[in-house]
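This report concerns only the one structure given below.
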Number of protein chains: 2
Amino acid sequence: MDAEAGKRHATDQEIYEKIWNAIAERQIGPGTRLKEEQLADIFTASRARIRQVLQNLARDGLITLVPNRGAFVSKPSIEEARDVFFARRTIEERLVERLCATIGSAGIERLRQHVDNERKAHQDGDVASAIRLSGAFHMLIAELAQSQILASLLRDLVSRTSLIMAMYQQKDVLNCGPDEHAAIVESITARDARKALAVMHHHLAHIENQLDLESERVVSRDLEDILSL
Amino acid sequence: MDAEAGKRHATDQEIYEKIWNAIAERQIGPGTRLKEEQLADIFTASRARIRQVLQNLARDGLITLVPNRGAFVSKPSIEEARDVFFARRTIEERLVERLCATIGSAGIERLRQHVDNERKAHQDGDVASAIRLSGAFHMLIAELAQSQILASLLRDLVSRTSLIMAMYQQKDVLNCGPDEHAAIVESITARDARKALAVMHHHLAHIENQLDLESERVVSRDLEDILSL
DNA sequence: GATTCAATTATTGTCAACAATTGTTGTCGA
DNA sequence: TCGACAACAATTGTTGACAATAATTGAATC
């Protein structure tokens with residue numbers, strides 16, 4: 001009994017999440033300008049709080065703050081893109097390695113369930129869900145590996161990856177299909193750390209190799225439509 | 001011709017750095033309360049900007065923001081401490097591995113020079129410098145490895161490590177002596193990735209094993225003395 | 001017609017005052 | 001003497017207004 005009342009004031013965290021999601025799910029394209037007042041109107045919050053949130057988003061590399069100009073959704077360069085994947089391999093290979101040693105049956109079940117959901121979204125052609133779940137799979141691995149820190153670091157990297165994909169991915173290639181995720185789960189289940197590490201490496205390399213340096217589409221729809229959900 | 005004039009207004013970045021350093025170099029102890037107005041006075045800045053800086057520090061885990069209560073220097077639990085070291089091993093092992101493949105003679109020279117400086121501070125009994133340089137060594141490795149992202153992630157982890165040491169390190173054991181750092185440089189110079197990784201692993205494990213779960217000294221001097229340098 | 005420069009407008013950066021919250025102190029009663 | 005309660009003080013949270021800065025428009029000149 002709090003979620004009604006027309007429109008309650010959103011907390012900083014909620015505003016952050018909304019914008020974060022909108023970017024990570026590629027609803028707001030790279031390069032889009034984010035005006036403070038505009039956001040303040042949308043969330044019925046003061047500019048000061050929006051400002052705080054933007055600062056945080058900038059710290060995660062999702063937006064870029066230009067002094068006296070404002071906030072723009074980041075346009076990662078191809079070098080930054082490769083760096084993101086390097087960092088992801090570093091972290092995620094270690095995570096699956098650890099998972100093989102520590103995961104319990106409940107964890108395995110959660111992974112399987114998740115891949116099933118991914119497969120379903122994929123079959124239904126639900127692209128938005130597919131993208132979201134694909135990122136969530138990697139976050140689930142981090143969560144199960146019980147490293148709070150690496151999980152939070154990876155969270156940022158995954159969202160940046162979405163941004164990179166929005167810019168550089170060839171349009172006909174879908175995200176990562178659920179099959180590679182299934183392979184990862186399989187080797188974790190078998191507790192084969194060597195293989196799990198290799199499969200994860202392959203998976204991330206695969207995504208990276210799909211990058212296309214030419215295309216650079218900009219989406220940029222009206223923010224109001226997206227964020228006021 | 002700008003550093004005089006009584007006291008120029010410090011930029012946000014500078015304020016952040018000053019506090020960051022004060023914490024990382026263990027001049028401000030864990031648990032110390034950071035009042036906004038107090039800091040505003042010290043830096044002759046408005047509370048709004050201090051607030052912004054505190055938010056950023058909180059995001060890096062250096063301070064903890066309690067709603068309606070204020071900012072406190074974080075007191076990492078022993079579990080968080082172990083997590084930090086796990087994350088550091090993950091990142092730094094990968095960094096030295098890469099360094100073995102990519103470093104040039106100029107980079108090697110910088111590493112050697114740095115270790116020399118460390119050794120000097122160590123011999124002179126200059127504890128403050130020793131602590132600072134010890135952290136800087138790890139940051140130098142990150143910088144030379146040319147991964148912007150891992151470098152910035154490691155930066156946070158190093159500062160958290162300082163905090164952890166301030167809380168849990170047995171008092172007579174010094175930081176990490178320069179010898180282990182020298183060993184790391186040596187194996188990098190030899191481009192022996194296997195060994196470099198092992199030495200780095202050992203080095204971090206060594207530090208972690210020195211942690212003492214009992215002691216929990218709180219320093220907490222007067223902030224004014226520290227930050228107004 | 002194109003270019004430079006000035007005036008305008010829109011947007012961000014900064015600040016100081018006000019509101020809300022929390023911790024504390026002092027008082028009253030058992 | 002101890003505990004509960006109420007007024008107080010100290011600190012954070014929020015807001016709105018104002019100043020500084022950068023983009024834009026329009027006019028004048030070549």
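Chain naming here is simple, since letters A, B, ... match the order of the sequence lines and numbering starts at 1 in each. These values consider heavy atoms only, across backbone and side chains, with no hydrogens, waters or symmetry-generated copies. If you're wondering where the values come from, they're calculated on a predicted model, not measured in any experiment.
Between A:Ile50 atom CD1 and C:dT11 atom P the separation is 15 Å, expressed in whole Å. For the pair B:Gln55 CD and D:dT14 P, the computed distance is 10 Å after rounding to whole Å. If you measure from atom CD of B:Gln38 to atom C1' of D:dT12, you get 14 Å, rounded to the nearest angstrom. A:Asp41 has its CG atom 12 Å from the P atom of C:dT12, to the nearest Å. Between the CD atom of B:Glu36 and the C1' atom of C:dT22 there is a distance of 14 Å, given to the nearest Å. At whole-Å resolution of the value, CD in B:Gln52 and C1' in D:dT14 are 14 Å apart. Distance, A:Arg49 CZ to D:dT12 P: 18 Å, rounded to whole Å. One atom, CG of B:Leu65, and another, P of D:dT11, lie 16 Å apart when rounded to the nearest Å.
Distances shorter than 4.0 Å separate none of the side-chain N or O atoms of A:Arg47 from OP1 or OP2 on C:dT12. Remark: B:Arg69 is in phosphate contact with C:dG23, judged by side-chain N or O atoms under 4.0 Å from OP1 or OP2.
For A:Lys35, the side-chain atoms get nearest to C:dT11 when compared with the rest of D:dT12, D:dT15, C:dT11.
For B:Gln146, the CD atom is loosely surrounded, since the number of other residues' heavy atoms within 6.0 Å does not exceed 12.
Nearest-nucleotide mapping onto DNA chain D: of A:Pro67 and B:Glu37, the residue sitting toward the 5' end is B:Glu37. In this structure, A:Asn68 and A:Asp12 both approach DNA chain D, and ranking their closest nucleotides by distance from the 5' end singles out A:Asp12.
B:His138 and B:His203 have parallel rings, their planes meeting at less than 30° on a 0 to 90° scale where 60° marks the start of perpendicular.
Under a cutoff of 6.0 Å and an axis angle of 45°, A:Arg98 and B:Phe86 form a cation-pi pair.
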task: Evaluate the criterion side-chain contact (heavy atoms from CB on, under 4.5 Å) for residue pair A:Glu208 and A:Arg89; output intermediate values, then yes/no.
output: CA-CA 11 Å; A:Glu208 184 177 353; A:Arg89 281 200 302 274; 2.9 Å; yes

